[in-house]
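By convention in this document, chain letters (A, B, ...) are assigned in the order of the sequence lines, proteins followed by strands, and residues within each chain are numbered from 1.
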Protein chains: 2
Amino acid sequence: MFRKAKQNRIFQDVVEQIQEAIVSGKLKAGDQLPPERELKELFTISRGTLREALRVLEQKGLIEIRTGVAGGSIVKGVSTQQVSESLDLLIRYKKVSLQNLAEFRIGLEGDVAAHAAERATADDIARLRGLIAKAAAYLDKGREHWDSFIRTDEEIHLAIAETTHNPLFISVLATISHNIHTYYESYLPMEEPLLRENHQDIVNLVTAIESRRPDEARTIAQDHVRRFSAHMEQQGVR
Amino acid sequence: MFRKAKQNRIFQDVVEQIQEAIVSGKLKAGDQLPPERELKELFTISRGTLREALRVLEQKGLIEIRTGVAGGSIVKGVSTQQVSESLDLLIRYKKVSLQNLAEFRIGLEGDVAAHAAERATADDIARLRGLIAKAAAYLDKGREHWDSFIRTDEEIHLAIAETTHNPLFISVLATISHNIHTYYESYLPMEEPLLRENHQDIVNLVTAIESRRPDEARTIAQDHVRRFSAHMEQQGVR
DNA sequence: TCTATTGTAATGGTTAAACCATTACATATA
DNA sequence: TATATGTAATGGTTTAACCATTACAATAGA
């Protein structure tokens, strides 16, 4: 029914006030908070307590703190960074396995592909085609550019998510993608046939999106995720 | 290529040392850290700096801090709590709409239902049946217990997510559910037929899960979400 | 006049010592 | 034996001082 009434911790109150201002839009990304010595007067608290509050806000990714003249707390706005970081911690703590990630990602990438196919504009398609060409170029340029290929691949997945115009798909996919790519780099053998297979999947996917075939797009995306997860598992990832 | 080399902040070093000890298992959930006045000696830092470090660890959900004799920092281990909280912040900040949430939830609840049907144990089913009976009782007890019905309904959705045994499904669904229920309470008319319809959906869903019919479970879950989102939209939610 | 150097003041980072508020546990009392 | 009370441990907060870094202005040199 009720949660335990927490003892009032002053810094917590300060955190909530500033966070609320950011979430509600009163403070926008790029805005600068007054220096600590002024803020502490505004809240009528000591500098130490204020700094604990700023530390929490910094940890949440809501502000960035710079030293020096004209330094101070700069508002950053909410980003996927924090979701990503906490998920990363979970994975390292072995609470989330590669299978868990893959299983989740199959549904997610499928939905994203299907919705993208329903909504992609000509601009979206042009952007995707551009990224595909860029990836292909890296692939042809040889081994030392394959890192760039992988990064472009991730970029394409994100671009597809963006054509859904649903911030949830975008942020969740960004988080999962980022974490999957950590595995990618460690466990996917960097061999040309595999990268070519990867690229061909993407080409097929974008073609399906362009042709407005949601079901086909979903199937291609899900197959792709399944196949590459299997590749990684063969490399001995638990 | 490289990230900017951050200036060494002492509290950051302390955070990393303690976090590493937790993630690597040297510190386990339930373990108690020495009191601040001892810790500060161990790290040879001031109490203020130590407290900034503890604040960050607390914010990350890695420790819990209690006052009083025998209080102090208790290790909590890594949990999904932080993922949920940051995702929650993201939803509030990005002003994710009911449609955005519903669209995302359709795929998610479908996947969850299907995987639950594949994996549910006898215990899982018993638990779900128990919750369903509890919900039905609240429904029969009349209007003033309908709040409890709604809360039990959310509990059932979470219990289904838990039978997937995939922490990703669990924490993401928990977050989405929590946010959807904010809308629920504001926009869903509290009328008996609607609540009965809701309950019947859940009964059907659990039956499908019990009978190991993933596809049917997926369809029921998705229909349910679609129908109730439509109900809310009729109430004029953007 | 333009550029490179140097100075300086603003600002976050850290330390230290003191006192307050809460609470588990021991002790005393009915 | 059970309840009330005392007490010491522990986190929460304040204050004041000093250090480290840095943007910007003043200065010097070409």
Closest nucleotide among [options] to the [X] side chain:
| X | options | answer |
| --- | --- | --- |
| B:Thr67 | D:dG11, C:dA24, D:dT13 | D:dG11 |
| B:Ser46 | C:dG13, C:dT14, D:dT13 | C:dT14 |
| A:Ile10 | C:dT15, D:dT14, D:dG11 | D:dT14 |
| B:Arg9 | C:dA24, C:dG13, D:dT13 | C:dG13 |
| A:Arg51 | D:dT14, D:dA8, C:dT14 | C:dT14 |

| field | Side chain B:Arg47 and base D:dG12 donor-acceptor under 3.5 Å | value |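 Such a pair exists between side chain and base.
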Point to revise | Donor-acceptor pair (no angle test) under 3.5 Å: B:Arg37 side chain, D:dG11 base | key: yes
Tell me whether [X] contacts the main-chain N or O of [Y] through its side chain, where contact means a donor paired with an acceptor under 3.5 Å.
| X | Y | result |
| --- | --- | --- |
| A:Asn198 | A:Leu195 | no |
| B:Gln32 | B:Gly71 | yes |
| B:Asn166 | A:Asn100 | yes |
| A:Arg143 | A:Met190 | yes |

Between [N] atom [atom2] and [X] atom [atom1], what is the distance in whole Å?
| X | N | atom1 | atom2 | result |
| --- | --- | --- | --- | --- |
| A:Ile74 | D:dT22 | CD1 | P | 13 Å |
| B:Leu50 | D:dT13 | CG | P | 15 Å |
| A:Glu64 | D:dT22 | CD | C1' | 15 Å |
| A:Asn8 | D:dT13 | CG | C1' | 13 Å |
| A:Glu52 | D:dT15 | CD | P | 15 Å |
| B:Ile65 | C:dT22 | CD1 | C1' | 15 Å |
| B:Lys40 | D:dG11 | NZ | P | 12 Å |
| B:Gln32 | D:dT10 | CD | P | 9 Å |

inquiry  = Tell me whether the rings of A:His145 and A:Tyr138 are parallel (<30°), tilted (30 to 60°) or perpendicular (>60°).
reply    =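 Parallel.
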(Q) C:dT15, OP1 or OP2 - any side-chain N/O from B:Thr49 closer than 4.0 Å? (A) yes
*Have a look at A:Leu54 and say if it touches a base, only the backbone sugar-phosphate, or nothing, with a 4.0 Å heavy-atom cut-off.*
nothing
Between B:Ala70 and A:Leu33, the residue closer to the 5' end of DNA chain C by nearest nucleotide is A:Leu33
Worksheet entry | Residue whose nearest DNA chain D nucleotide is more 5′ - B:Arg55 or A:Gly68 |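 It is B:Arg55 whose nearest nucleotide is closer to the 5' end.
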